[in-house]
Amino acid sequence: MRVWVFSNSGTASTNAAHSLNKKLKAAGFTINPARPDVVITVGGDGTLLSAFHRYNAALDKIRFVGVHTGHLGFYTDWRDYELDELVTALKNDHGERIGYPLLDILVTYADDTTGHYVALNEATLKRASSTMKTDVYIKDNFFESFRGDGLCICTPTGSTAYSKSNGGAVLHPRLQALQVTEIASINNRVFRSLSAPIILAPDEWVVLKPASDVQYVMTIDQFHMSDRPIKSVRYQIADEHIYFAKYRHMHFWDRVEDAFIGAKKE
Ligand code: NAP
């Protein structure tokens, strides 16, 4: 098996990554950053997001494993004091994997060229200053005219990140669905949008057609772009999935409880 350890630059993570690399070599694994079968991230959910974008051209060939050097995360199943158990699990690997949906983003720029991107957590369209005005279409049917700071479209695994801060629901990652949340919408006698998160079915898509001649900020996970005028953006569930090596299974709602509530009943 070819493995690659992808770490953030924090001291705890680089130390854990160094130790893990030594254990993997001693156990006979091939360290190969160019064509890994398994990418082990060491850091947090943000580190796994970075690794996902580093390897997003080969998602069908790679499985991810997340080691967290802080608290347990949503993309991280292992803690940095469990490296020996992780190496043993990798040695007993039979290729088990679990796949989760991704977000496909097709941008049409004002000059009619297009850009195609994939997000693991979410994509947003915003304005850095002033109100964003955009028409919203669902499956090519006009739905509403939105006024506010922006809109966020997330995957089920991304529903515990930015979308949740916007009042979105937490979605179980086995659902094949996308969620749209509003970021500070303006609702008054003149402007009206739904003012509630919406959850799209697997065969549905949403298209934003923002007012022309103004500058937008488009975010895709941790990246942002604002350099080109945008005509429209289409969001739908991607054909690709992200795959995780399935060595241990933590109940999703236990993970949510651990991350956001944390106080077990006596
Ligand atoms: P970042 O500092 O790397 O991440 C922000 C926080 O989001 C970190 O605590 C990170 O956890 C956590 N996180 C990432 N993915 C998550 C998930 N799927 N579920 C629950 N928590 C998650 O920020 P960044 O580099 O700018 O952007 C990365 C992500 O941050 C974005 O995809 C977005 O979802 C989120 N974000 C949230 C807000 C907000 O809530 N207001 C605003 C901007 C961006 P770790 O500490 O484990 O890395």
Side-chain angles (χ1 to χ4, degrees), residues 6-14 16-17 39-54 56 59 64-82 98-105 117-128 132 148-175 177-185 197 199 216-226 233 235 237-238 241-244 250-262:
F6 185 102
S7 164
N8 72 23
S9 56
T11 309
S13 300
T14 48
V39 172
I40 307 167
T41 66
V42 182
D45 286 331
T47 314
L48 196 127
L49 276 180
S50 300
F52 165 79
H53 285 282
R54 161 80 173 75
N56 71 5
L59 291 176
F64 291 88
V65 174
V67 176
H68 211 300
T69 44
H71 55 89
L72 201 64
F74 281 88
Y75 297 120
T76 53
D77 289 316
W78 299 82
R79 296 294 311 273
D80 50 355
Y81 49 77
E82 299 175 307
I98 183 159
Y100 294 130
L102 298 170
L103 174 64
D104 182 281
I105 303 132
Y117 309 95
V118 180
L120 175 55
N121 270 352
E122 79 285 295
T124 69
L125 192 66
K126 310 190 240 194
R127 282 196 71 187
M132 182 176 92
D149 281 7
L151 286 164
C152 170
I153 297 88
C154 78
T155 63
T157 55
S159 69
T160 44
Y162 194 9
S163 174
K164 183 173 174 293
S165 302
N166 300 325
V170 172
L171 299 187
H172 195 287
R174 278 206 309 273
L175 289 172
L178 296 180
Q179 178 169 206
V180 183
T181 51
E182 299 182 346
I183 309 170
S185 60
I199 296 172
Y216 294 96
V217 178
M218 194 169 67
T219 71
I220 293 169
D221 295 334
Q222 70 273 48
F223 302 106
H224 74 276
M225 301 168 239
S226 58
V233 191
Y235 306 89
I237 291 185
H241 286 75
I242 182 168
Y243 293 103
F244 289 88
M250 185 170 178
H251 194 285
F252 176 68
W253 298 113
D254 284 346
R255 200 186 287 266
V256 173
E257 188 278 334
D258 183 78
F260 296 119
I261 302 170

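We count ligands from 1, going down the list as the structure has it; atoms in each ligand are counted the same way.
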Query raised in the report: Can you find a pair of side-chain heavy atoms, one from Phe252 and one from Pro173, that are under 4.5 Å apart?
Result: yes
Query raised in the report: Is the Phe244 ring parallel, tilted or perpendicular to the Tyr75 ring (thresholds 30°, 60°)?
Result: parallel
Requested in this report: Would you name the heavy atoms of Gly168 and Pro197 that are closest together and state the gap between them?
Outcome: CA-CG, 4.0 Å
Query raised in the report: To the nearest 0.1 Å, how far is atom 31 (C) of ligand 1 from its closest protein heavy atom, and which atom is that?
Result: Glu122 OE2, 3.3 Å
**Report entry** Identity and distance of the protein heavy atom lying nearest atom 45 (P) of ligand 1
**Finding:** Asp45 N, 3.6 Å
**Report entry** Nearest heavy-atom neighbours spanning Thr41 and Gly66
**Finding:** OG1-CA, 3.5 Å
Query raised in the report: For atom 7 (O) of ligand 1, is the nearest protein heavy atom closer than 4.0 Å?
Result: no
Query raised in the report: For atom 1 (P) of ligand 1, is some protein heavy-atom partner under 4.0 Å away?
Result: no
Report task. Starting from atom 3 (O) of ligand 1, find the nearest protein heavy-atom neighbour and note its residue, name and distance. Result -> Gly46 CA, 4.1 Å
Query raised in the report: Backbone N or O of Gly70 within a donor-acceptor pair of the Arg79 side chain at under 3.5 Å?
Result: yes
Requested in this report: Return yes or no for this condition: an N or O of Gln222 is under 3.5 Å from an N or O of ligand 1.
Outcome: no
Report task. In sequence, state the C-alpha distance, the side-chain angles, and the governing distance for Ser13 and Ser7, and then conclude on side chain to side chain donor-acceptor pair (under 3.5 Å). Result -> CA-CA 6 Å; Ser13 300; Ser7 164; 4.8 Å; no
Requested in this report: Output the list of atoms in ligand 1 that are nearer than 4.0 Å to some heavy atom of Gly44, sorted by atom number.
Outcome: 47 (O), 48 (O)
Requested in this report: Using a distance threshold of 4.0 Å (strictly less than), state whether atom 23 (O) of ligand 1 has a protein heavy-atom neighbour.
Outcome: no
Report task. Can you confirm whether something in the protein, heavy atoms only, sits under 4.0 Å from atom 42 (C) of ligand 1? Result -> yes
Report task. Specify the protein heavy atom at minimum distance from atom 15 (N) of ligand 1: its residue, its atom name, and the distance to 0.1 Å. Result -> Asn121 ND2, 2.9 Å
Query - Closest protein heavy atom (residue, atom, distance) for atom 19 (N) of ligand 1 - result: Thr160 OG1, 2.7 Å
Query raised in the report: Is there a donor-acceptor pair under 3.5 Å between the side chain of Thr181 and the backbone N or O of Asn166?
Result: no
Report task. Select one of side chain, backbone, both or neither to describe which atoms of Phe74 lie under 4.0 Å from any atom of ligand 1, heavy atoms only. Result -> side chain
Query raised in the report: Which protein non-hydrogen atom lies closest to atom 38 (C) of ligand 1, naming both residue and atom, and how far is it?
Result: Tyr162 CD1, 3.5 Å
Query raised in the report: What atoms of ligand 1 come closer than 4.0 angstrom to any heavy atom of Tyr75?
Result: 18 (N)
Query raised in the report: At under 4.0 Å between heavy atoms, which part of Ser165 makes contact with ligand 1: side chain, backbone, both or neither?
Result: side chain
Query - Under 3.5 Å donor-acceptor, His68 side chain and Gly43 backbone - result: yes
**Report entry** atom 46 (O) of ligand 1: the protein heavy-atom neighbour that sits closest, reported with distance to 0.1 Å
**Finding:** His71 NE2, 4.1 Å
Query raised in the report: Below 4.5 Å, heavy atoms only, C-beta onward: do Leu120 and Thr157 meet side chain to side chain?
Result: yes
Query raised in the report: Does Phe260 have its ring centroid less than 6.0 Å away from the ring centroid of Phe74?
Result: yes
Query raised in the report: Which bit of Thr157 gets closer than 4.0 Å to ligand 1, counting heavy atoms only: side chain, backbone, both or neither?
Result: backbone
Requested in this report: Among all protein heavy atoms, pick out the one at the shortest distance from atom 28 (C) of ligand 1; state its residue, atom name and that distance to 0.1 Å.
Outcome: Leu49 CD1, 3.6 Å
Query raised in the report: Taking heavy atoms and a distance under 4.0 Å, where does Lys164 meet ligand 1: side chain, backbone, both or neither?
Result: neither
Query - The single option from Ile237, Ile199, Leu171 passing side chain to side chain contact (heavy atoms under 4.5 Å, CB included) against Leu178 - result: Ile237
**Report entry** Whether Asp221 side chain and Glu122 backbone form a donor-acceptor pair below 3.5 Å
**Finding:** yes
